[in-house]
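For ligands, and for the atoms within them, numbers begin at 1 and follow the listed sequence. Every value quoted in this text rests on a predicted model; they were computed, and no experiment measured them.
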Amino acid sequence: MRIDLHTHSSVSDGTDRPAALVHRAHEAGLDVVAITDHDTAESWAEAERAAAEVGITLVRGMEISTRLGHASVHLLAYLPDPTYPPLARALADILDGRNDRVPAICAKLQARGVQVTEHDVRRRAGDAAATGRPHVADAMIAAGVVATREEAFATWLNPGRPAYIDRYAVPLEEAIGLVAGAGGVSVVAHPWGRSRVLTPDHLERLAGLGLAGIEVDHQDHSGAVRAELRGLAEDLDLVPTGSSDHHGLGKVDHDLGCNTTPPEQLERLLQRAGDAAAASRRATPALLVP
Ligand code: AMP
Ligand code: FE
Ligand code: FE
Ligand code: ZN
């Protein structure tokens with residue numbers, strides 16, 4: 001059983017349509033794939049149809065933009081009911097923040113002589129529900145300003161760089177509550193990846209609030225970091241997951257299935273999702289089994 005629990009389609013900042021992503025997951029030899037676009041469930045319907053076609057198990061997920069103090073934390077949510085009003089409102093607020101930021105980033109770029117317009121960015125984003133800095137980066141690549149998304153972030157778009165603009169994100173503890181209220185489970189994405197915001201003490205407190213797991217096997221984690229996180233997961237009774245964080249052509253070295261989650265860990269996660277669904281009395285979207 002090969003299980004990849006974190007992938008992005010062009011509904012957020014990946015480059016494949018949801019259906020194409022599911023087909024590729026099947027071709028890559030995966031048995032189970034989760035689709036986890038940023039802050040939206042918009043990709044689910046198309047992905048479900050494709051999963052039924054090719055015979056792969058789809059886990060419906062999303063990656064929620066949250067905040068701990070001033071720092072950004074990505075929270076993977078599996079099987080939440082996206083129509084649960086408090087969650088739906090939070091997601092709408094985040095998407096509004098994403099949209100409002102685009103003209104502000106463009107203004108900063110233009111002030112520095114980089115001629116990238118909001119229209120250019122919207123064209124790159126296509127019909128994405130969640131627009132993001134990667135789409136700004138794509139417009140900058142098309143304009144010949146930078147060669148890669150990586151370069152765009154390092155030179156212009158990261159915090160501290162000239163075209164950085166902050167945006168709204170849900171307080172982390174609140175987000176864990178929203179996911180549980182929606183009958184789903186949450187897993188902190190790449191906790192010690194690009195930045196190391198969460199301490200072991202934070203994780204212990206979050207586990208007490210209902211956090212179900214932490215992403216351990218991720219390309220942004222070295223071997224030593226993975227070993228440390230695995231130990232922490234065991235101490236705190238959190239489910240350790242592994243995944244690619246695939247973004248199509250939008251991220252190099254994140255091929256589908258490059259990290260995977262052991263079947264027994266997925267079982268634990270689904271068990272907890274079942275408990276959350278029962279406690280919330282919400283109709284949790286079922287796992288699609290061919
Ligand atoms: P945003 O959603 O606008 O906050 O942008 C963050 C997204 O950009 C993340 O989800 C990553 O997929 C992507 N990203 C962040 N840093 C980089 C980087 N250095 N190179 C390429 N993509 C990045
Ligand atoms: Fe992303
Ligand atoms: Fe992330
Ligand atoms: Zn991701």
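- Within the coordination shell of the Fe ion (ligand 2), defined by N, O or S atoms under 2.8 Å, H247 is present.
- For T131, no nitrogen or oxygen atom sits less than 3.5 Å from a nitrogen or oxygen atom of ligand 1, counting backbone and side chain alike.
- In this model, no donor atom of one side chain and acceptor atom of the other lie less than 3.5 Å apart for S243 and D4.
- With a cut-off of 2.8 Å, the Zn ion (ligand 4) has an N, O or S atom of H6 in range.
- In the model, T199 has no side-chain atom that pairs as donor or acceptor with a side-chain atom of D201 under 3.5 Å.
- A heavy-atom distance below 4.5 Å is found between the side chains of I214 and L229.
- In terms of modelled atom types and a separation under 3.5 Å, the side chain of W44 and the main chain of G61 share a donor-acceptor contact.
- A side-chain donor from one of D245 and H6 sits under 3.5 Å from a side-chain acceptor of the other.
- Counting the atoms of ligand 1 from 1 in the order shown, those under 4.0 Å from a heavy atom of R98 are 1 (P), 2 (O), 3 (O).
- Closest to the Zn ion (ligand 4) among the N, O or S atoms of D245 is OD1.
- Considering only non-hydrogen atoms, atom 13 (C) of ligand 1 lies nearest to P134 out of P134, G97, G14, A169.
- Summary: OD2 is the N/O/S atom of D13 found nearest to the Fe ion (ligand 2).
- A donor atom on one side chain and an acceptor atom on the other are not found under 3.5 Å apart for D16 and S9.
- A side-chain donor-acceptor contact under 3.5 Å links Q265 and R268.
- For R24, the CZ atom is loosely surrounded, since the number of other residues' heavy atoms within 6.0 Å does not exceed 12.
- Checking only distances, H74 never comes within under 3.5 Å of ligand 1, N or O to N or O.
- One finds an angle of 90° at the Zn ion (ligand 4) between NE2 on H8 and OE1 on E63, to the nearest 10 degrees.
- Residue-ligand proximity: R194 is placed with a non-hydrogen atom under 4.0 Å from ligand 1.
- Assignment of R167 to the shell around ligand 1 is supported, since a heavy atom sits closer than 4.0 Å.
- Residue-to-ligand polar distances place E150 within reach of ligand 1: an N/O pair is separated by less than 3.5 Å.
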